[in-house]
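None of these values were measured; they are calculated from a predicted model.
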Amino acid sequence: MRLSNLVVPILLLSTFNAAIAAEVNVYSGRKEKLIKPLLDRFTEQTGIKTNLVTAKADKLLTRLKNEGRNTPADVFITVDAGRLYRAKDAGVFATLDSDVLKSSVPQHLRDPDAQWVGLSQRARVIFYAKDRVKPSELSTYEDLASDKWKRRVCIRGSDNIYNQSLVASMLAANGNNEAQKWANSLVQNMARPPKGGDRDQIKAAAAGQCDLAIANTYYYGAMLTNKKDSGQVKAAQSMGIFWPNQDSRGSHVNISGAGVTKHAKNPENALKLLEFLVSPESQKWYAEVNFEYPVIENAEISDLVKSWGEFKSDKVNLDVLGKNNAEAVRIMDRAGWK
């Protein structure tokens, strides 16, 4: 009798602890609508509850550092290899030990020290005004610095992490001196001082303020399918997409990515979530809903993304973009890139 009385409370305590453990806490620099549906699917399939906090990525990283061992976060999701590198450099990530991640995600889309893994790809390419530019006139990112594009290029500011990573990729490909020359000339070829986001660059080109716009592909997809703003649809339809550097290193790509936090209270659940996010099901969702490209091979993509054609992507390990970020910013500053 005494034994049975002892066993019941222990069993109840064990069940209670298991229930508490069946959760994972996520800090996400991506907007809720771009991650919550996948988290809900994860919960449906695994029974693991997800608790989501969204905010600006830099603010979340600061919060992670300040919380230290007391952080509730198990997973940190953000966009751009530059931000992932900052998180790694800040020491907020744990080492990922997952055969699933290693076998599913190509090496150049994973941190070489297994601190983070890519979840989706986005390409930063050239968009051209169909009525004023022929695709045959375009070739490479390097060519954007040529005199023929004088005051014809729209691109956002130097404080934008996407542009910093683009310059970091130029630095990796061509070295410091050539990257500096390129940035100097590109600034001279800007049609206007940088302002606004990627959609604003496409809209400006469509309106005739410039002939070329540099932007991420998923913004283009979002504009083409915008059901609330016909102006965005019309602007995007007047622009063509061009894949630079197809005869050399390939077009510049970046990622959204994630890592398990160093002080995660639910590390096993966190790893399960990352593995779920690189599954064919999740990768298909990214491609169809967000107009991004999968990080795994043979994943399905939307018909719209397919219509943009196949392209060769730059295979430089994206960790290099993070390492080059500081020098890339200096190059932009010296060039007068506002």
Side-chain angles (χ1 to χ4, degrees), residues 28-31 34 54-62 77-87 89 118 120-127 141 144-145 149 152-173 179-180 182-205 209-210 212-223 232 235-236 239 241 244 251-257 290-292 314 316 318-338:
S28 175
R30 303 209 72 175
K31 294 180 179 179
L34 299 181
T54 60
K56 294 290 186 181
D58 294 337
K59 289 184 177 180
L60 287 176
L61 178 55
T62 299
I77 298 174
T78 187
V79 294
D80 198 277
R83 288 198 177 103
L84 289 164
Y85 182 85
R86 291 175 190 172
D89 192 52
S120 63
Q121 294 188 82
R122 61 274 299 277
R124 192 158 189 77
V125 297
I126 301 171
F127 295 90
Y141 296 105
L144 293 173
W149 303 118
R152 298 177 69 186
V153 179
C154 282
I155 189 169
R156 64 199 292 181
S158 60
D159 60 341
N160 174 247
I161 190 70
Y162 306 149
N163 282 341
Q164 291 172 9
S165 288
L166 176 61
V167 176
S169 74
M170 300 293 289
L171 184 58
Q180 186 67 65
W182 177 80
N184 294 346
S185 297
L186 182 63
V187 168
Q188 297 305 311
N189 287 353
M190 293 179 187
R192 61 178 190 172
K195 62 179 179 179
D198 278 13
R199 297 185 201 220
D200 295 304
Q201 314 314 311
I202 294 173
K203 288 191 287 186
Q209 297 178 34
C210 51
L212 304 180
I214 311 304
N216 286 351
T217 48
Y218 62 88
Y219 286 111
Y220 183 57
M223 292 177 72
Q232 285 197 23
M239 302 294 290
I241 187 170
S251 297
H252 171 65
V253 297
N254 213 309
I255 54 171
S256 70
N290 295 347
F291 309 108
E292 293 179 279
D314 191 347
V316 64
L318 296 186
D319 182 64
V320 172
L321 305 186
K323 290 179 179 177
N324 286 352
N325 179 268
E327 182 57 27
V329 172
R330 286 190 287 269
I331 285 173
M332 299 167 88
D333 286 345
R334 289 193 291 264
W337 190 330
K338 297 180 180 179

* Residues in side chain to side chain contact (heavy atoms under 4.5 Å, CB included) contact with S169, at least two apart in sequence or another chain -> L166, H252, L321

* Considering residues at least two apart in sequence or located in another chain, which fulfil the side chain to side chain donor-acceptor pair (under 3.5 Å) criterion with W182? -> none

* Structure fact -> Residues at least two apart in sequence or cross-chain that pass side chain to side chain donor-acceptor pair (under 3.5 Å) with N189, listed by chain then number, are none

* Structure fact -> With sequence neighbours left out, the residues meeting side chain to side chain donor-acceptor pair (under 3.5 Å) with Q121 are none

* Structure fact -> Residues passing the salt bridge (Lys or Arg N to Asp or Glu O under 4.0 Å) test with D80, sequence neighbours excluded, are none

* **With F127 via ring pair (Phe, Tyr, Trp, His ring centres under 6.0 Å) - residues at least two apart** => Y220

* Not counting sequence neighbours, which residues clear side chain to side chain contact (heavy atoms under 4.5 Å, CB included) with A205? List them please. => C210, A213, M239

* To do: Not counting sequence neighbours, which residues clear side chain to side chain donor-acceptor pair (under 3.5 Å) with S120? List them please.
  => S256, E292

* Would you mind listing every salt bridge (Lys or Arg N to Asp or Glu O under 4.0 Å) that reaches into residues 212-223, with sequence neighbours excluded? => none

* To do: Please name all residues satisfying side chain to side chain contact (heavy atoms under 4.5 Å, CB included) with D314, sequence neighbours left out, ordered by chain then number.
  => R249, V316

* Asked: For K203, which residues count as a side chain to side chain contact (heavy atoms under 4.5 Å, CB included) partner, sequence neighbours excluded?
  -> D200, M223, Q232, A235

* Partners passing salt bridge (Lys or Arg N to Asp or Glu O under 4.0 Å) against D58 (at least two apart in sequence or in another chain) -> R83, R86

